[in-house]
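Presented below is the structure to which this report refers.
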4 protein chains.
Amino acid sequence: MNKRSATESKSKIINAAIKVFSENGYKGTSMRMIASTASISVGGLYLYFANKEDLYLTLIKEAYDELTRKVTNARNEAGSSSEALSLFISHYINTARKNRELILIQGREHKFAFGMDIKRKFFRDQKNIIEGIIQQGITSGEFSGCNVKETSKIIFCVLRGFILSLIVEPDALFSPEECSNLILNGLLKGKQK
Amino acid sequence: MNKRSATESKSKIINAAIKVFSENGYKGTSMRMIASTASISVGGLYLYFANKEDLYLTLIKEAYDELTRKVTNARNEAGSSSEALSLFISHYINTARKNRELILIQGREHKFAFGMDIKRKFFRDQKNIIEGIIQQGITSGEFSGCNVKETSKIIFCVLRGFILSLIVEPDALFSPEECSNLILNGLLKGKQK
Amino acid sequence: MNKRSATESKSKIINAAIKVFSENGYKGTSMRMIASTASISVGGLYLYFANKEDLYLTLIKEAYDELTRKVTNARNEAGSSSEALSLFISHYINTARKNRELILIQGREHKFAFGMDIKRKFFRDQKNIIEGIIQQGITSGEFSGCNVKETSKIIFCVLRGFILSLIVEPDALFSPEECSNLILNGLLKGKQK
Amino acid sequence: MNKRSATESKSKIINAAIKVFSENGYKGTSMRMIASTASISVGGLYLYFANKEDLYLTLIKEAYDELTRKVTNARNEAGSSSEALSLFISHYINTARKNRELILIQGREHKFAFGMDIKRKFFRDQKNIIEGIIQQGITSGEFSGCNVKETSKIIFCVLRGFILSLIVEPDALFSPEECSNLILNGLLKGKQK
DNA sequence: GATGAATGAGTCTTCATTCAT
DNA sequence: GATGAATGAAGACTCATTCAT
């Protein structure tokens, strides 16, 4: 019966849960797995979280909030729209890379019966930020007059795909710079960079 | 008690399994769910598949093979590299859209203890095809001299993200044309289309 | 994996459940106890009943129905009101004695969160029958003009107490005849029997 | 961290336990519930009672003792046997009504693995008192010559049923007077009251 | 071939009890 | 005295798998 402070235990649990959930998904993770990873008893888990769902939700909420905070800043720091988009992309990707656990964002195996409101809000927020950047670029004459909504969906999908690759297939990871470059300039020749 | 031919039963099971797995994930799907969707008995499932894993593996293998077949053709049908890439993208996306279940490809909730070899091979194949198209475009002077490996990873990530969106958030879906356009031309002004 | 017919298994479970619930109460009974008493696996229980509550409810419903049926007949078979009451009492007590499990009727340990509607209806029905008998006895001049409602409550309480004694303290059981006698004649001397 | 005297804490716990046990039964009551009702820590409970069972036993023992004390007096206060019986009944019922928690006496959900000796002794004592009253009434010529043992069992059952009704179904409660009246005079006409 | 009753290990969750502070 | 974090066994329920029919 190791006596730890409440906060210490809670953070041990959170870290363990992030690790185990991200490796095995929601359904594939048992409370026992989390407990043993956190070096705590099964019952101990329920001292800090009402149930498995609550634990999971806490996790993704935290991850979302952190990413949203960083990414929002990106927009404000930038001089031009190109720069804003590049910053957005690299913030997003670097945060995801560091917090491999962010993959949770994309968790999909439990039918989204819960937590979907959190997730949807997050996705909407992200897409709005991208749309804002692109719209501004078009208005300022920096970007060509593309379909804003479609384009931001595509960009968002690159990032989503990146995160999924973090778990599925680490070799698939690319650098933020190359990504910005492709999105800004495209593949075809004849664009003055 | 229905007397069906073996193949008929097997295909009923496969279709049911695709539907149910794609909606609920691997862990979220029970053999009973598959059986009842296939209008067959639980025991009947084990007449055609050794176990749940075997059934799942059969499924993704088939889905992969079909997509690979279609996508490979894309390359051969095309006149230019741009066209090849556009065809690849639209084949990929349209197939995925039609076979919503393809999302299985990306399924991640069961620790990848099995089936990972199949998946990895599939991913590698896909990326090789894209790399081939890009390389050819550069060689022929059609594309600018980008980093082939990185670029194809990014393109692959868009597609992967698209598939994930199929389940997660249908609003996020974009059109293949817009996607090809962005990838080919980029966002910045000043490219003659 | 003994193969029994569905009905056979279900009745084995019901009998086991009656026995175990009546001995240990709702909370004090585990599904494992019922399963092992029924010589069936734990999972087997859930083939026939959705959950513990469902099993319990089925039981008390059946017990109530049987008792109500028997007791209703009592009234119709009797010639006089005295006889009707005596028959009611002996039917009630004998049925309860035979189905020791009837005690479930009185189960109280789970806060009555469920099943209370069934129980209440049963109690109301029983009391109505007694009231009917007493009222008729008064009308016909057979009984003295007592407070019908109060009196039937008291009689009902004797029966309820009898059933509780079945579990708590078998020595406390009395004969239906003596009970009828006391209720009809009272303790005081000077009544011509 | 409240500094209370030991006796103060102990009585707070007892009161809380009476309340909670009587509402939820033995198995339905958790130590945490008692602790929080008593505004004490979980660990604090174990400072005064060895375990849950000990706490429960202390409770029913106290409740029994109180009732026995009151009811014993009844006998001594009375002039006649009729009066003694009436007093016994009203003391019993009124005490029970006031201490709704007395229902614990009848608690049945925990297999009676423990506490049964206490309970049995209590029941035996009560019945002996009733038997004594009846016997005396017969000897003195006040009561008719009924079967003493059977009759006292029946009377005891009315009281037991009354207590059970306290929880199960408050509408079923009757007045002590009516009860005494029925038991003394019976239902049939022709008795001079 | 096909059925579906049966199994039992495994899942989430609760709770009496202990003990470092 | 008092606290409350920690434990682990036990409970309700699920599900992949088997097998008698």
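Every value quoted in this text rests on a predicted model; they were computed, and no experiment measured them.
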Polar pairs (N or O, both sides) under 3.5 Å between protein and nucleotides 12-16 of chain E?
unit_1	atom_1	unit_2	atom_2	d
E:dC12	OP1	A:Thr29	O	3.1
E:dC12	OP1	A:Lys52	NZ	2.9
E:dC12	OP2	A:Met31	N	2.9
E:dT13	OP2	A:Tyr46	OH	2.8
E:dT13	OP2	A:Lys52	N	2.8
E:dT13	O5'	A:Tyr46	OH	3.4
E:dA16	OP1	D:Thr29	O	3.2
E:dA16	OP1	D:Lys52	NZ	3.1
E:dA16	OP2	D:Met31	N	2.6

Closest non-hydrogen atom pair between [X] and [Y], with its separation:
{"X": "B:Gly28", "Y": "B:Met33", "result": "O-SD, 3.7 Å"}
{"X": "D:Phe49", "Y": "D:Asp54", "result": "CA-OD2, 3.5 Å"}
{"X": "C:Ile13", "Y": "C:Gly44", "result": "CD1-O, 4.2 Å"}
{"X": "D:Ser39", "Y": "D:Lys12", "result": "CB-NZ, 4.0 Å"}
{"X": "A:Ala16", "Y": "A:Ile34", "result": "CB-O, 3.8 Å"}
{"X": "B:Met31", "Y": "B:Asn51", "result": "CE-C, 4.3 Å"}

* Of the listed nucleotides E:dA6, E:dG1, F:dA2, the one nearest the side chain of D:Ser41 ->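 Selected nucleotide (nearest to the side chain): F:dA2.
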
Nucleotide [N], atom [atom2] - distance to [atom1] of [X] in whole Å:
{"X": "D:Ile40", "N": "F:dG1", "atom1": "CD1", "atom2": "P", "value": "11 Å"}
{"X": "D:Leu47", "N": "E:dT18", "atom1": "CG", "atom2": "P", "value": "12 Å"}
{"X": "C:Lys12", "N": "E:dA6", "atom1": "NZ", "atom2": "C1'", "value": "12 Å"}
{"X": "B:Glu8", "N": "E:dA2", "atom1": "CD", "atom2": "P", "value": "9 Å"}
{"X": "C:Asp54", "N": "F:dT14", "atom1": "CG", "atom2": "C1'", "value": "16 Å"}
{"X": "C:Asn24", "N": "F:dG11", "atom1": "CG", "atom2": "P", "value": "11 Å"}
{"X": "B:Phe49", "N": "F:dT18", "atom1": "CZ", "atom2": "P", "value": "16 Å"}
{"X": "C:Leu55", "N": "F:dC13", "atom1": "CG", "atom2": "P", "value": "10 Å"}

* Asked: Does D:Thr29 reach the main-chain N or O of D:Val20 with its side chain, forming a donor-acceptor pair under 3.5 Å?
  -> yes

* **Dot-bracket summary - DNA chain F, pairs being Watson-Crick or G-U whose distances fall under 3.5 Å, with | when paired to another strand** => .||||||||||||||||||||

* Asked: Just wondering, do C:Leu47 and C:Lys10 contact through their side chains at under 4.5 Å, heavy atoms?
  -> no

* Measure the acute angle between the ring planes of B:Phe21 and B:Tyr26, then classify it against the limits of 30° and 60° as parallel, tilted or perpendicular. => parallel

* So, is B:Ser9 near the phosphate of E:dG1, with a side-chain N or O under 4.0 Å from OP1 or OP2? -> no

* Under 4.0 Å between a side-chain N/O of A:Tyr48 and OP1 or OP2 of F:dA6, yes or no? ->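 The answer is yes; a side-chain N or O of A:Tyr48 sits under 4.0 Å from OP1 or OP2.
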
